[in-house]
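One structure is given here, and the rest of the page talks about it.
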Amino acid sequence: MLDFSWSNILNSNAFNFAVMVLFFAILIKYLKLPEKIENQRADIQQTVEASDNMKKEAKEALEKVEKSLETLPAEIDKILENANNASKAFEAKSKEEIEKLVLSIKETANRQVAAEEKQAQSVLSKNIGKASVDIANRQVKTAFNNNSELHRKFISDFINSIDKLEV
């Protein structure tokens with residue numbers, strides 16, 4: 001028969017098991033383990049969802065990069081063609097500007113040469129005129145010194161021409 005005495009109850013495995021279950025139930029209630037487990041589960045779920053979204057975004061970015069890599073040689077060729085066209089245009093423009101500059105320099109040099117030539121002709125003409133006057137002066141002096149009669153004749157002719165002037 002069954003003995004329900006306190007000593008038997010306290011020594012029984014069923015009672016000890018029941019006390020242990022009650023202790024864990026109180027402990028779980030006191031520590032709010034279900035809420036913490038639910039919060040942890042929600043955090044893990046959010047992390048998994050965020051990871052899935054990041055994985056999806058990374059795949060999309062990878063696809064974009066792969067597509068751009070497919071068109072990269074064509075883009076490089078286009079950039080090189082544009083650069084070549086720009087350099088040819090720059091070369092033509094530079095050549096044209098250089099030709100204009102050379103022409104301008106030649107024209108300026110020609111004008112300067114012409115001005116220098118005119119100035120040299122002017123100086124030469126003055127020097128020749130002065131030399132001619134000096135030579136004539138020397139010849140006249142020599143002629144007067146060699147022939148004193150000639151000197152008197154010129155003076156008298158000059159006086160006569162003054163007399164003929166009407167004042």
Side-chain angles (χ1 to χ4, degrees), residues 28-167:
I28 288 172
K29 184 81 169 172
Y30 177 73
L31 294 177
K32 299 179 184 177
L33 285 180
E35 292 174 11
K36 289 182 180 179
I37 291 172
E38 181 60 28
N39 288 343
Q40 189 70 22
R41 187 200 61 77
D43 287 344
I44 291 171
Q45 186 176 357
Q46 286 177 351
T47 304
V48 168
E49 288 173 359
S51 174
D52 288 342
N53 288 338
M54 288 174 63
K55 183 179 177 182
K56 183 179 176 183
E57 290 173 3
K59 281 184 179 180
E60 290 173 358
L62 179 62
E63 289 173 4
K64 286 181 183 178
V65 168
E66 287 174 347
K67 285 181 183 178
S68 68
L69 286 176
E70 289 173 0
T71 60
L72 186 64
E75 289 178 15
I76 289 173
D77 289 342
K78 185 176 180 181
I79 290 170
L80 287 175
E81 182 181 339
N82 288 342
N84 283 336
N85 291 341
S87 69
K88 286 178 184 176
F90 180 74
E91 179 183 6
K93 185 177 179 182
S94 296
K95 189 175 183 180
E96 184 179 305
E97 288 178 3
I98 289 171
E99 288 173 355
K100 286 181 183 177
L101 182 62
V102 166
L103 183 63
S104 173
I105 290 171
K106 283 181 181 179
E107 289 175 357
T108 303
N110 287 339
R111 278 188 257 132
Q112 286 179 342
V113 166
E116 290 290 330
E117 190 177 279
K118 284 182 182 179
Q119 185 179 4
Q121 286 176 350
S122 173
V123 168
L124 189 59
S125 295
K126 284 181 185 178
N127 288 341
I128 289 173
K130 192 174 181 181
S132 298
V133 168
D134 286 342
I135 290 172
N137 188 14
R138 274 188 259 142
Q139 285 180 347
V140 168
K141 282 183 182 179
T142 304
F144 284 146
N145 288 338
N146 291 340
N147 189 353
S148 60
E149 193 59 37
L150 183 63
H151 191 216
R152 284 190 187 117
K153 181 182 178 225
F154 279 128
I155 291 173
S156 106
D157 286 346
F158 178 71
I159 291 172
N160 288 337
S161 67
I162 291 175
D163 287 340
K164 292 179 185 177
L165 285 175
E166 295 178 17
V167 180

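Here, residue 1 is the first one in the sequence, and each next residue gets the next number.
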>> If you apply the rule side chain to side chain contact (heavy atoms under 4.5 Å, CB included), what do you find for Glu81 with Lys78, and how did you get there?
In response: CA-CA 5 Å; Glu81 182 181 339; Lys78 185 176 180 181; 5.6 Å; no
>> With side chain to side chain contact (heavy atoms under 4.5 Å, CB included) as the criterion, how do Lys64 and Ser68 come out once you've worked through the C-alpha distance, each side chain's angles and the decisive distance to 0.1 Å?
In response: CA-CA 6 Å; Lys64 286 181 183 178; Ser68 68; over 6 Å; no
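Side-chain atoms of Ser51 never come within 3.5 Å of backbone atoms of Thr47 as a donor-acceptor pair (strictly under, hydrogens ignored). A distance-only check finds a donor-acceptor pair linking the side chain of Asn145 to the backbone of Lys141 [under 3.5 Å]. Panel note: side chain Ser104, backbone Lys100; no donor-acceptor pair is recorded below 3.5 Å.
The structure places CG of Asp157 at 11.5 Å from CD1 of Ile162, a figure rounded to the nearest 0.5 Å. From Asn137, atom CG reaches atom OG of Ser132 across 12.0 Å, with rounding to the nearest 0.5 Å. Separation of atoms CG (Asp77) and CG (Leu72) is listed at 9.5 Å; rounding is to 0.5 Å. Atom CG of residue Leu124 and atom CD1 of residue Ile128 lie 4.0 Å apart, to the nearest 0.5 angstrom. Distance CZ/Arg138 to OG1/Thr142: 8.5 Å, rounded to 0.5 Å. Annotation: the span from Lys59 atom NZ to Glu66 atom CD amounts to 11.5 Å, rounded to 0.5 Å.
More than 12 heavy-atom neighbours from other residues, nucleotides or ligands sit within 6.0 angstrom of CD on Glu60.
Applying the side chain to side chain contact (heavy atoms under 4.5 Å, CB included) test between Ile44 and each of Arg41, Gln46, Gln40 identifies Gln40 as the sole match. Of the options Lys95, Glu97, Glu96, a side chain to side chain contact (heavy atoms under 4.5 Å, CB included) to Lys93 is made by Glu97 and by none of the others.
Inter-residue side-chain proximity for Lys56 and Asp52 is flagged as unmet; no heavy-atom pair is nearer than 4.5 Å.
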